[in-house]
Each structure stands twice: as structure tokens, then as C-alpha cells.
**Student:** 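Here it is: the structure, laid out below.
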Amino acid sequence: QTIETTLKAGVPFSLQWRPQVAQTVVDESLTAQSAAVLDVQEDGLLMTWKTNLEFRRSRRTAFSLRVPKMYVVEQVRGANVGHWEMREDQDQRVVDVSLLKEVAGQTSLTMVLSRRGEIGGSDLSEFAVPLVEVDGAALHTGVLQIRRSPLLQMRVIGQEGVSRTESSQSVVESVVRESGDEESPLGIRPFQSYRFATTPYRLRLGVTPLTVRATAQWQAVLRIGERRVDLESKVLFSVRGRPLSAARLRLPSSLNVTHVEAPGEFEWAITGEGPERQLAVYLATHQRGAFALIVKGTLNREGPVADVALPRLRVLDVERQGGAFAI
């Protein structure tokens with residue numbers, strides 16, 4: 001397109017434009033009320049979006065919904081949902097949903113979206129909360145509840161078109177039940193809840209992974225016999241921030257470990273040789289706060305016990321440690 005005009009000396013010239021977009025036909029009788037739950041976990045984002053659609057004085061056999069292109073549509077569910085298919089439209093995906101039978105007045109459907117990646121990593125340290133838009137809806141209101149993994153810290157970077165509201169456990173349970181996904185063994189924690197009175201809205205979050213901050217105090221008992229030396233050590237951990245999933249100890253080269261105790265289910269293994277020997281205890285029930293680890297063993301010796309060097313225990317991957325011996 002060519003624009004011709006006359007310019008006057010000393011007068012600023014301003015040109016503005018907007019991209020051409022396809023016109024959306026608004027159905028004045030169609031309104032949507034949604035409830036959505038966004039779970040932010042270490043390996044990805046999962047949103048379950050439940051929408052109640054009302055269309056007074058009309059009958060419908062199909063609907064179209066729009067979702068961000070970077071999200072995968074895993075499910076579209078509903079008592080009257082027949083089949084659905086996707087098509088691309090600029091920076092969005094359009095999901096065309098066909099109903100099993102024509103309905104009058106109202107219906108509902110649930111959509112499950114996901115985006116996989118390392119949340120809190122370089123690619124997903126910040127992200128926009130996804131939005132499901134109903135094509136042609138004259139009004140779209142709803143509530144959005146955000147939950148997070150206990151291993152992540154979250155903050156709000158920017159928001160527009162949403163306002164804080166109180167969390168509702170009944171709404172969460174109703175929506176999550178529709179997804180059918182099992183909850184992470186680490187659990188999930190509420191972050192914030194929002195209400196929106198129209199779409200689109202804008203809500204951007206930042207995520208930082210929690211790091212393990214732990215200290216250790218060990219107590220060791222050395223039992224010396226004529227031909228045998230036994231060592232029993234109790235390590236008291238204090239964990240803050242990210243729960244501890246594994247504990248590592250540097251072992252004396254002469255110690256033969258015979259017994260390990262830890263809270264909950266666990267497994268242990270010894271790696272390395274000589275001064276590099278390590279005991280690794282893998283905790284199935286990730287530990288936070290205070291807990292104890294007990295290690296028992298025998299010092300390898302030949303012949304009668306004439307003298308004993310105090311074996312040195314060292315707890316790895318902690319900020320601070322200390323200990324005491326009893327003989």
C-alpha cells in the first residue's frame with residue numbers, strides 16, 4: 001500500500017498501523033465461566049481448564065477454543081464431547097470440539113494442557129500463565145488457582161486483568177479430578193489464586209529452584225576389644241530449603257559397614273576405594289527439618305588390638321558439621 005501526503009516543515013510526522021487480523025464473530029448469547037488449576041512442577045507445567053458454556057435461546061453442536069501454541073493439548077473431556085482436532089492460527093492453536101449431540105442452553109468441557117521442560121532452568125525461569133479462550137464468547141469470567149512443587153520458589157513478575165482472591169479447595173478438587181493425573185510423590189502446595197472478569201488476561205511468573213541447605217552433627221562411639229574394634233555413628237541432620245533426597249559420608253578406609261538406619265524407605269551403597277570410599281544413602285521419603293542417620297561397622301584389623309587411630313567421619317554436601325567421640 002502506498003500513502004501520499006504533504007509534509008510541512010517543522011511539524012512532526014507520525015505513522016501508526018496495526019496488523020490485519022481475522023474478524024471474530026461474537027455470539028451475544030454465548031458466555032463462559034471457567035475454573036482452572038495450573039500446577040508448576042520441576043519437569044513442566046500442567047493446566048486443567050474446566051469451562052461451563054451457556055448459550056440461551058440457541059442450540060450448539062460445536063465450539064472452538066484457543067490455546068497458546070507452545071502448549072500441548074493432552075485431553076478434551078466432557079459428557080457430550082465427540083471428537084476434537086487442532087489447527088494452527090498465528091501464535092495460537094485452535095481446538096475445534098464437536099459434540100456427540102446437539103444441545104440447548106448449556107454444556108461443559110474440560111481441557112488439559114501441558115508444557116514440558118526444566119522449570120526454573122534457563123528456558124523456563126519465567127513464563128506467562130496460559131489462557132484458554134472461547135471463540136465468539138461475549139463474556140468469559142473465571143477463577144485461576146496456581147499450585148507449586150515444594151522444590152520451587154515462585155514470584156509474580158507482572159499481571160493485568162486479574163485480581164487476587166481466596167483459594168478454594170473444593171474448586172481445586174473439582175477441576176483436578178477431571179484431569180485424572182496422579183499427584184507428585186513430593187506433593188503440591190498452593191501458591192496464589194486469581195479471578196478474571198474478561199479475557200484475555202496477562203499473568204507472568206518467575207521460578208527459582210530451591211537449594212538444599214543442611215548442617216550435620218555426628219556422634220561416634222568406639223568400642224575397643226582385644227581383637228575387634230566396632231564403630232557406631234549417629235549423624236543428626238538439619239535440613240532447610242529443598243528436601244534432602246540423599247546423604248553422603250566419606251568413610252575411613254578400614255571401616256567395614258555392617259548396618260545403616262534412616263527414616264522411611266531407603267537404600268544405601270558404598271563406592272570408591274581407600275580414602276575415597278563413600279557411603280551414599282538414598283532417601284525415598286525426601287527429608288526436611290531434623291532427622292538422624294545411624295551407621296554401624298567394624299574396623300578391619302589383624303591380630304590383637306595394640307593401638308587404635310580415631311577413625312574420621314566426614315559428612316559431604318553440608319554447610320557446616322561437627323562431632324564428638326566416645327570410647
**Student:** Going by the side chain to side chain donor-acceptor pair (under 3.5 Å) test, name the single residue among Q145, R164, E166 that passes it with S193.
**Tutor:**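 By the side chain to side chain donor-acceptor pair (under 3.5 Å) criterion, S193 pairs with just one of Q145, R164, E166: Q145.
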
**Student:** Are any of the side-chain heavy atoms of H83 and V97 separated by less than 4.5 Å?
**Tutor:**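 Side chain of H83 against side chain of V97, heavy atoms only: no contact under 4.5 Å found.
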
**Student:** Is the backbone N or O of Y201 less than 3.5 Å from a side-chain atom of T199, with the two atoms forming a donor-acceptor pair by type?
**Tutor:**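 No; zero donor-acceptor contacts below 3.5 Å.
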
**Student:** Taking CD in Q278 as the centre, count heavy atoms belonging to other residues, nucleotides or ligands within less than 6.0 Å. Is the count above 12?
**Tutor:**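 Correct, the count exceeds 12.
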
**Student:** About how many Å separate OG of S114 and CG of L45, when rounded to the nearest 0.5 Å?
**Tutor:**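 Spacing of CG (L45) from OG (S114) equals 9.0 Å.
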
**Student:** Are side-chain heavy atoms of L203 and V156 found at a separation under 4.5 Å?
**Tutor:**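 Side chain of L203 against side chain of V156, heavy atoms only: contact under 4.5 Å found.
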
**Student:** Is there side-chain contact between I146 and V129, with heavy atoms separated by less than 4.5 Å?
**Tutor:**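 I146 reaches V129 side chain to side chain.
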
**Student:** Does the side chain of S34 come within less than 4.5 Å of N52's, by heavy atoms?
**Tutor:**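 In short, these two side chains do not touch, never coming nearer than 4.5 Å.
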
**Student:** To the nearest 0.5 Å, what is the distance between CD (E54) and OG1 (T107)?
**Tutor:**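 Reported value, rounded in 0.5 Å steps: 11.0 Å.
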
**Student:** Between G120 and P209, what is the shortest heavy-atom contact and its length?
**Tutor:**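 What the structure gives for the nearest pair is O-CD, 3.8 Å.
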
**Student:** Quick check: is V103 connected to V76 through a chain of hydrophobic side chains (ILVMFWY, heavy atoms under 4.5 Å apart)?
**Tutor:**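 They do share one cluster, since a chain of ILVMFWY contacts under 4.5 Å joins V76 to V103.
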
**Student:** Check this for me: does any side-chain nitrogen of one of E319 and R213 sit under 4.0 Å from a carboxylate oxygen of the other?
**Tutor:**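 A salt bridge links E319 with R213.
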
**Student:** Quick one: closest heavy-atom pair of R87 and D96, and the distance?
**Tutor:**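 That closest heavy-atom pairing would be NE-OD2, 2.7 Å.
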
**Student:** Under the 3.5 angstrom rule, does the side chain of R277 hit a backbone N or O of L255 as a donor-acceptor pair?
**Tutor:**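 Between the backbone of L255 and the side chain of R277 there is a qualifying donor-acceptor contact (under 3.5 Å).
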
**Student:** Is it the case that more than 12 heavy atoms not belonging to R250 sit under 6.0 Å from its CZ atom?
**Tutor:**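 Result for CZ/R250: enclosed.
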
**Student:** Would N256 and T298 count as a side-chain hydrogen bond (donor to acceptor under 3.5 Å, both in side chains) if you check the C-alpha gap in whole Å, the side-chain angles of each, and the deciding distance to 0.1 Å?
**Tutor:** CA-CA 5 Å; N256 178 31; T298 302; 5.7 Å; no

**Student:** Under a 4.0 Å N-O cut-off, is there an ion pair linking R248 with D317?
**Tutor:**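 Salt bridge present between R248 and D317.
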
**Student:** Quick one: pull up CZ in R66 and CG in D89 and give me the separation to the nearest 0.5 Å.
**Tutor:**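 It is 4.5 Å, given to the nearest 0.5 Å.
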
**Student:** So which heavy atom on L293 is nearest to which on A247, and how close?
**Tutor:**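 So the minimum-distance heavy-atom pair works out to CD2-CB, 4.2 Å.
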
**Student:** Indicate yes or no: at least one non-hydrogen side-chain atom of W49 is less than 4.5 angstrom from one of V67.
**Tutor:**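 No; the side chains remain at least 4.5 Å from each other.
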
**Student:** Do I270 and V295 share a hydrophobic cluster (ILVMFWY, side-chain heavy atoms under 4.5 Å, transitive)?
**Tutor:**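 Same cluster.
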
**Student:** Look at the side-chain heavy atoms of Ile, Leu, Val, Met, Phe, Trp and Tyr, link any pair under 4.5 Å apart, and say whether M47 and M70 land in one connected group.
**Tutor:**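 Same hydrophobic cluster.
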
**Student:** State, yes or no, whether a side-chain contact exists between R223 and E232 at a heavy-atom distance under 4.5 Å.
**Tutor:**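 R223 vs E232: side chains touch.
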
**Student:** Please tell me if the side chains of V94 and M86 come closer than 4.5 Å, counting only heavy atoms from C-beta onward.
**Tutor:**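 No - every pair of side-chain heavy atoms lies 4.5 Å or more apart.
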
**Student:** Between the side chains of E261 and K234, is the shortest nitrogen-to-carboxylate-oxygen separation below 4.0 Å, so that they form an ion pair?
**Tutor:**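 No, K234 and E261 are not salt-bridged.
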
**Student:** After noting the C-alpha distance and the side-chain angles of T285 and E265, does the key distance pass the side-chain hydrogen bond (donor to acceptor under 3.5 Å, both in side chains) rule?
**Tutor:** CA-CA 7 Å; T285 54; E265 296 184 6; over 6 Å; no

**Student:** Below 4.5 Å, heavy atoms only, C-beta onward: do P200 and E133 meet side chain to side chain?
**Tutor:**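 Yes. Closest side-chain heavy atoms under 4.5 Å.
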
**Student:** Counting only heavy atoms from other residues, nucleotides and ligands, does the tally under 6.0 Å from CD of E88 exceed 12?
**Tutor:**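 Count over threshold, so yes.
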
**Student:** Run the salt-bridge test on E74 and R116 with the 4.0 Å N-O cut-off and return the result as yes or no.
**Tutor:**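 Salt bridge flag = yes for R116 with E74.
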
**Student:** Can you measure from CG (L109) to OG1 (T51) and round to the nearest 0.5 angstrom?
**Tutor:**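 One finds 6.0 Å between CG of L109 and OG1 of T51.
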
**Student:** When you check the side-chain N and O atoms of S149 and E42, is any donor under 3.5 Å from an acceptor?
**Tutor:**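 Their side chains do contain a donor-acceptor pair, which is all the 3.5 Å distance test asks for.
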
**Student:** May I have the step-by-step check of side-chain hydrogen bond (donor to acceptor under 3.5 Å, both in side chains) for E102 and T61, ending in yes or no?
**Tutor:** CA-CA 5 Å; E102 185 181 64; T61 59; 5.8 Å; no

**Student:** Who are the side chain to side chain donor-acceptor pair (under 3.5 Å) partners of Q217, not counting sequence neighbours?
**Tutor:**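 Counting only residues at least two positions away or on another chain, Q217 forms no side chain to side chain donor-acceptor pair (under 3.5 Å).
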
**Student:** Give a yes or no answer on whether the side chain of R93 reaches the backbone of K69 with a donor-acceptor pair at less than 3.5 Å.
**Tutor:**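 The answer is yes, because a donor-acceptor pair under 3.5 Å joins these two groups.
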
**Student:** CH2/W84 to CE/M111 distance, rounded to the nearest 0.5 angstrom?
**Tutor:**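 Here the interatomic distance stands at 7.5 Å.
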
**Student:** Is the distance between the ring centroids of F63 and F55 less than 6.0 Å?
**Tutor:**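 Close enough - the centres of the two rings lie under 6.0 Å apart.
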
**Student:** Are the charged groups of E160 and R204 less than 4.0 angstrom apart, N to O?
**Tutor:**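 Salt bridge flag = no for R204 with E160.
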
**Student:** Nearest 0.5 Å, please: how far is CZ in R147 from CD in Q192?
**Tutor:**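 With rounding to 0.5 Å, CD (Q192) is 15.0 Å from CZ (R147).
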
